[in-house]
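All values below were derived from every heavy atom in this structure, side-chain atoms included, with hydrogens, water molecules and symmetry-related copies excluded. Order of the sequence lines fixes the chain letters, A, B, ..., with proteins taken first and strands second; residue numbering starts at 1 for each chain.
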2 protein chains.
Amino acid sequence: MEEVPERLAAKPSWLITQLAVHARRLVFDGFTAAGARGYHYRILAALDEFGAASQAELGRRCRMDRSDVVAAVGGLVDQGFVDKAPDPDHGRRNKVTLTRAGAQQLQRLDRALDRAQDDLLQPLSAEDREVLTRLLTRVLARHEPK
Amino acid sequence: MEEVPERLAAKPSWLITQLAVHARRLVFDGFTAAGARGYHYRILAALDEFGAASQAELGRRCRMDRSDVVAAVGGLVDQGFVDKAPDPDHGRRNKVTLTRAGAQQLQRLDRALDRAQDDLLQPLSAEDREVLTRLLTRVLARHEPK
DNA sequence: GCCCAATGTTGGTGCGACCAACATTAGTGG
DNA sequence: CCACTAATGTTGGTCGCACCAACATTGGGC
């Protein structure tokens with residue numbers, strides 16, 4: 001494979017965005033085999049950890065735009081992984097709930113995601129993975145204000 | 001800001017892809033101010049470091065699809081940053097050359113890119129940045145076969 | 001000389017991220 | 001209590017980056 005220009009290869013932004021391409025491909029392949037996409041997993045995970053929520057709250061937790069939440073929740077409803085009903089206590093708000101089938105789907109996706117992590121970080125030792133995770137967490141926190 | 005589900009926040013693939021979002025925004029903003037996009041910078045950098053090249057070679061070096069190289073080179077030609085002419089030694093092949101104006105544009109983009117790196121890695125010390133870069137380089141190398 | 005690989009090009013696809021606008025409802029400050 | 005603002009759901013877009021298939025054309029290997 002031809003070499004990447006040095007001024008590119010040396011830039012953290014290049015390393016991160018290029019590695020993100022591979023990470024997405026690995027995760028995407030695993031999710032596709034289970035009939036899901038990234039947005040679906042995020043929503044299922046948020047519902048599982050924090051319980052039923054409005055679409056707006058899901059959007060904030062999953063770092064998704066409201067309009068994209070609409071589409072993703074719609075898909076999950078069609079698949080029976082999620083229920084969506086008007087919130088009785090709150091006029092306009094919807095209440096999105098994880099179904100039993102949704103919880104099972106989440107488990108499948110979790111396994112696929114774990115495999116993807118292993119593939120992604122293959123060359124690193126457990127300690128190196130720890131170091132990398134901590135550094136990335138610190139940097140990301142800086143860019144997710146408040 | 002609402003908290004991200006833990007099973008997401010703990011995954012390296014999440015950290016990398018989310019950080020890539022911020023990295024791209026920072027770089028994009030800098031490039032946009034100079035009238036360029038990511039693909040343009042890659043090509044200018046490759047031409048500067050390795051000299052005139054065919055579009056296919058640019059694609060391999062810049063990790064771009066051939067078809068995307070066509071569009072990006074076309075844009076650079078329109079801006080006068082690059083010359084494109086049939087390779088006399090090689091029938092079908094094109095020879096893409098960096099112009100003087102293109103070299104200046106590359107310098108502008110380099111400065112913008114350097115500022116973006118600083119913004120991106122703000123919370124990290126110089127040593128931590130070094131560690132992060134080395135780890136990312138190792139992982140990325142694994143996923144760029146041969 | 002023939003076949004295969006490489007090249008340039010056109011015209012698509014998809015995901016993830018994002019934005020504007022609108023209607024509707026919930027709070028909040030006078 | 002009422003007016004105004006904030007929040008919510010929804011529709012219907014845009015954009016960058018990555019990628020694919022197909023085709024015509026040309027070069028090099030056998």
Closest of C/dT10, D/dA18, C/dA23 to the B/Ser67 side chain is C/dT10
Test salt bridge (Lys or Arg N to Asp or Glu O under 4.0 Å) on B/Arg24 and B/Asp29 and set out the steps.
CA-CA 8 Å; B/Arg24 283 212 255 185; B/Asp29 289 346; over 6 Å; no
Could you go step by step and tell me if B/Arg7 and A/Asp48 meet the salt bridge (Lys or Arg N to Asp or Glu O under 4.0 Å) rule?
CA-CA 10 Å; B/Arg7 38 162 41 99; A/Asp48 183 67; 2.7 Å; yes
To the nearest Å, give me how far apart [atom1] ([X]) and [atom2] ([N]) are.
| X | N | atom1 | atom2 | value |
| --- | --- | --- | --- | --- |
| A/Leu26 | D/dA18 | CG | P | 15 Å |
| B/Arg60 | D/dC19 | CZ | P | 16 Å |
| A/Met64 | C/dG16 | CE | C1' | 9 Å |
| A/Asp89 | C/dG27 | CG | C1' | 15 Å |
| A/Arg92 | D/dA7 | CZ | C1' | 10 Å |
| B/Arg66 | D/dC17 | CZ | C1' | 18 Å |
| A/Ile16 | C/dG16 | CD1 | C1' | 18 Å |
| B/Asp87 | D/dT26 | CG | P | 14 Å |

Side chain to side chain contact (heavy atoms under 4.5 Å, CB included) between A/Glu127 and A/Val131, worked out:
CA-CA 6 Å; A/Glu127 306 95 82; A/Val131 171; 5.5 Å; no
Partner of A/Ile16 under side chain to side chain contact (heavy atoms under 4.5 Å, CB included), picked from B/Leu140, B/Leu19, B/Thr133, is B/Leu19
As a test of understanding, state which of B/Asp114, B/Leu120, B/Val27 forms a side chain to side chain contact (heavy atoms under 4.5 Å, CB included) with A/Lys11.
B/Asp114
Counting Watson-Crick and G-U wobble pairs whose two distances are both under 3.5 Å, find the runs of 3 or more in a row that involve DNA chain C.
C:1-30 with D:1-30
Would you check, one step at a time, whether the test side chain to side chain contact (heavy atoms under 4.5 Å, CB included) holds for B/Gln105 with B/Phe81?
CA-CA 7 Å; B/Gln105 169 76 336; B/Phe81 295 146; 3.6 Å; yes
Give the intermediate values and the outcome of side chain to side chain contact (heavy atoms under 4.5 Å, CB included) for residues B/His143 and B/Val139.
CA-CA 7 Å; B/His143 293 277; B/Val139 178; 4.1 Å; yes
Once you apply a heavy-atom cut-off of 4.0 Å, does [X] come out as touching a base, just sugar-phosphate, or nothing?
| X | result |
| --- | --- |
| B/Val69 | nothing |
| B/Arg24 | sugar-phosphate |
| A/Asn94 | sugar-phosphate |
| A/Gln18 | sugar-phosphate |

Go nucleotide by nucleotide along DNA chain D from the 5' end; which of A/Asp68 and A/Gln55 gets its closest nucleotide reached first?
A/Gln55
Here the residues of residues 70-85 of chain B within 4.0 Å heavy-atom distance, strictly under, of DNA chain C are B/Val70, B/Lys84
What residues 30-54 of chain A contributes to the DNA chain D interface at heavy-atom separation below 4.0 Å is A/Ser54
With salt bridge (Lys or Arg N to Asp or Glu O under 4.0 Å) as the criterion, how do B/Glu49 and B/Arg61 come out once you've worked through the C-alpha distance, each side chain's angles and the decisive distance to 0.1 Å?
CA-CA 11 Å; B/Glu49 290 193 21; B/Arg61 289 206 183 281; over 6 Å; no
Start with the C-alpha distance between A/Leu76 and A/Ile43, add both sets of side-chain angles, then the distance that settles side chain to side chain contact (heavy atoms under 4.5 Å, CB included), and finish with yes or no.
CA-CA 9 Å; A/Leu76 290 171; A/Ile43 288 175; 3.7 Å; yes
Salt bridge check: are A/Arg138 and B/Asp128 linked by an N-O gap of less than 4.0 Å?
yes
Salt bridge between A/Arg142 and B/Asp119, side-chain N to carboxylate O under 4.0 Å?
no
Reading DNA chain C from 5' onward, which residue's closest nucleotide shows up sooner: A/His90 or A/Asp65?
A/Asp65
Is there a side-chain polar atom (N or O) of A/Arg93 under 4.0 Å from OP1 or OP2 of D/dT8?
yes
For B/Gln55, run the side chain to side chain donor-acceptor pair (under 3.5 Å) check against B/Lys95, B/Arg60, B/Lys84 and tell me which one passes.
B/Lys84
